[in-house]
2 protein chains.
Amino acid sequence: MSAVSRPTSTDVARRAGVSRATVSHVLNGTDHPISEATRQRVLAAARDLHYAPNASARALRAGRSNIVLLPMPRSGSLPGQDVFLAHLGRELAGMGLDLLLHGDHTASGVEGARMWAELRPAAVFLDTSRGTQPAVALLRQAGVQAVLLSGVPAGPYAPSVPIDPSAVARVATRHLLSQGHRRLSCLVPGGEWAALAERRFEAVVEAAQIENALVERVDCSLAVSSIAPAVARWRNPAHRPDAVYAYNDEFALMLIYALREAGLDVPRDIAVVGSGNQPLGAILRPTLTTTHFLVPDLAHAVASSLRRLLDGRELDPALAAAVQPRLIVRESA
Amino acid sequence: MSAVSRPTSTDVARRAGVSRATVSHVLNGTDHPISEATRQRVLAAARDLHYAPNASARALRAGRSNIVLLPMPRSGSLPGQDVFLAHLGRELAGMGLDLLLHGDHTASGVEGARMWAELRPAAVFLDTSRGTQPAVALLRQAGVQAVLLSGVPAGPYAPSVPIDPSAVARVATRHLLSQGHRRLSCLVPGGEWAALAERRFEAVVEAAQIENALVERVDCSLAVSSIAPAVARWRNPAHRPDAVYAYNDEFALMLIYALREAGLDVPRDIAVVGSGNQPLGAILRPTLTTTHFLVPDLAHAVASSLRRLLDGRELDPALAAAVQPRLIVRESA
DNA sequence: CTGTTAGCGCGTTCAT
DNA sequence: ATGAACGCGCTAACAG
């Protein structure tokens, strides 16, 4: 009734009175003809023993597993990345692929690639910064069928998902410019936000230059006191920007709150745009104009692209749209 | 220079002029005595070829992989779960373990266990609801060394992390009671929040009963209009609760906003508590009293516990503290 | 047609 | 320091 240990195909074969080869044929539904009676006996034996084929043995034989490897980012994660992971895992599951989160400590470039190669994953999805050319080459040589890069600039040596976390800032800025605003300001939080904040600030400056708009930089943190000096300055109309890009929705809501406390009205005195489409932004008044990525769409497009790469096809065309940030115009700008 | 295909230990052996056995000894640092000269030749050969041992072959031989399998929840995830995943992955990485997110579609109980068993993971961390006794038994039989359950009630047949996502509601309610509030109200959002909201509501009712406090139930959604009737009713002091548990911080901030619009002051007229410790809660005035889990601590304790189970030890004692929700008292209650 | 034999894939480990 | 066998599933070739 109960096997002493993990049952193997040998156990199933013995119990069904057939050879291991027959067990394999039945369980994998190959085209090899097997009599219905035998089929049923094998199936019954497998069920009785709670047989589960050994994925390692299968992967060893096949030369590859059905694992999608995702080396985790070394430092703090990007906004929405956690949600992305959960979505990606679910999407891949529907395609018979498992998502392996590989939190590597040491690794970068080739160093990391060697570690990732050990798992002989079917596919690897990694950031452009670590997917250097030699790293990609090593993965390919190790038999990884699909190497998909994430981020810009995209290397020419591997397909990539050209997603740019600072693109939301560009779209937000364009919106502000289209509304006629020319005196802009940009919140640039430090600390855990510093890296992304710098990039978004640069994106704002770049977009503003096209219209010869100037951008005031406001370094800050997630505390009202950090933006108090700026807000105080802005009480004087002569020193006041037309609009502020607030880095993200949390900072935007904080800013709106601080402005109101200072007697300034949003959007009449100052327009404000955030990023991330946080639920609260749609609720508190003035409701928040924001830019964001459609994370579920993105996860779907990435999963689909990985599947297609494994099938020898090209990226999912839907990817192009999925990496575009969306603008949601509400009351604040 | 470049191998045609993924190099194996045979390739390394050939290049170094030794046997595969020697390669294995050198690369794994066994106690087997190897001359330094040979050691260096093997190491050099491995490096030159970019050799990465095949994890499948190793796992096959060893009978187990170094994978920690985490079957993903089918439906919408719990708050903070995404963050938990990212943390857990990083923690496990530091212990030489890989986190495999298995998004199973079909599976529950034994059905799922068979799928999970295929990977011969070193450990499985899964929700109590799916970690039924037969499922756990099957995993054990498949050679899984550590099966850790998550959630309450904890089965006696496997170690578990007794975390209860509704515990934050209990702690919040106790705080309100300790402040002398006896007429309570509880927001119960439907839709994607319904499942957890019901449990938190029950937790509030239970905690309130101890002090013979009554709890008004306010069904709602994440829109001001959904709580408008309740807020309107509360303008009459005779119908007004002393305090509200708002399900989470988003709902709490929305409620505070709606109350202010209605001319009610928080906390003077009504106290409000949320859950989740969202950054904005500490910023907007009145600042928000909240209850939450220390997710990073939890991830650390879980990872550490898994490691210990694999080493044949008991759970990390720190787990007990990590599953306790924390109360952060601010201005709103 | 139906089922079996044999050997591969790759790293580890015991006995020589 | 090495030959040989092992762990487990898959599949090409082969025998009734």
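Note on naming: letters A, B, ... go to the chains in the order of the sequence lines (proteins, then strands), and numbering restarts at 1 for each one. Everything numeric here is computed off the predicted structure, so don't read it as measured data.
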Are the side chain of [X] and the backbone of [Y] linked by a donor-acceptor contact shorter than 3.5 Å?
{"X": "B:D127", "Y": "B:R130", "result": "no"}
{"X": "A:R120", "Y": "A:S65", "result": "no"}
{"X": "A:N28", "Y": "A:T30", "result": "no"}
{"X": "B:R114", "Y": "A:A52", "result": "no"}

Atom-pair distance ([atom1] on [X]; [atom2] on [N]), nearest Å:
{"X": "B:R120", "N": "D:dC8", "atom1": "CZ", "atom2": "P", "answer": "8 Å"}
{"X": "A:L27", "N": "D:dC8", "atom1": "CG", "atom2": "C1'", "answer": "13 Å"}
{"X": "B:R20", "N": "D:dG7", "atom1": "CZ", "atom2": "P", "answer": "15 Å"}

Nucleotides 12-16 of chain D: which of its N/O atoms have a protein N/O under 3.5 Å away?
none

- Message: Below the 4.0 Å mark, does D:dT2 have OP1 or OP2 next to a side-chain nitrogen or oxygen of B:T22?
- Response: yes
- Close residues, residues 61-68 of chain B, relative to DNA chain D [heavy-atom separation under 4.0 Å]: B:R61
Contacts under 3.5 angstrom, residues 143-161 of chain B side chains, donor-acceptor by atom type, not counting sequence neighbours:
| residue | atom | partner | partner atom | Å |
| --- | --- | --- | --- | --- |
| B:Y157 | OH | B:G131 | O | 2.8 |
| B:Y157 | OH | B:Q133 | N | 3.4 |

- Task: Please round to 10 degrees the angle between the axis of the first five pairs and the axis of the last five pairs in the helix from C:dC1-D:dG16 to C:dT16-D:dA1.
- Result: 50°
- Task: Tell me what A:P33 touches on the nucleic acid: a base, only sugar-phosphate, or nothing, going by heavy atoms under 4.0 Å.
- Result: base
- Message: Any base atoms under 4.0 Å from B:V23, or only sugar-phosphate, or nothing? Heavy atoms, all strands.
- Response: nothing
Under the side-chain contact (heavy atoms from CB on, under 4.5 Å) test, residues paired with [X] that sit two or more places apart:
{"X": "A:D311", "answer": "A:R307, A:R313"}
{"X": "B:E36", "answer": "B:R39, B:Q40"}
{"X": "B:P134", "answer": "B:V110, B:T132"}
{"X": "B:N66", "answer": "B:L97, B:D98"}

- Message: What is the first contacted nucleotide of DNA chain C and what is the last, in 5' to 3' order, if contact means an atom lying under 4.0 angstrom from a heavy atom of chain A?
- Response: C:dT2 to C:dC10
- Task: Give me the one residue out of A:V12, A:T8, A:T10 that meets side chain to side chain contact (heavy atoms under 4.5 Å, CB included) with A:R20.
- Result: A:T10
- Comparing nearest nucleotides in DNA chain D, the 5'-proximal residue of the pair B:R58, B:S19 is B:S19
- At what distance, to the nearest 0.5 angstrom, does OG of B:S304 lie from CG of B:D297? 11.5 Å
- Please name all residues satisfying ring-ring contact (aromatic ring centres under 6.0 Å, His included) with B:H25, sequence neighbours left out, ordered by chain then number. B:H32
- Message: Just to verify, what does A:H300 make a ring-ring contact (aromatic ring centres under 6.0 Å, His included) with, not counting sequence neighbours?
- Response: none
- Message: Checking A:S305 against A:D316: is there a side-chain donor and acceptor pair closer than 3.5 Å?
- Response: no
- Note on the structure: Quick note, A:N28 side chain, CB onward, closest among D:dC10, D:dG9, D:dT2 is D:dC10
- Item | A:L99 vs A:L88, side-chain contact (heavy atoms from CB on, under 4.5 Å): CA-CA, chis, key distance, verdict | CA-CA 8 Å; A:L99 178 61; A:L88 186 62; 4.3 Å; yes
- Query: Would you call B:R14 and B:D11 a salt bridge, using N to O less than 4.0 angstrom?
  - Reply: yes
- Within residues 34-44 of chain A, residues whose heavy atoms come under 4.0 Å of DNA chain C: A:I34, A:S35, A:T38
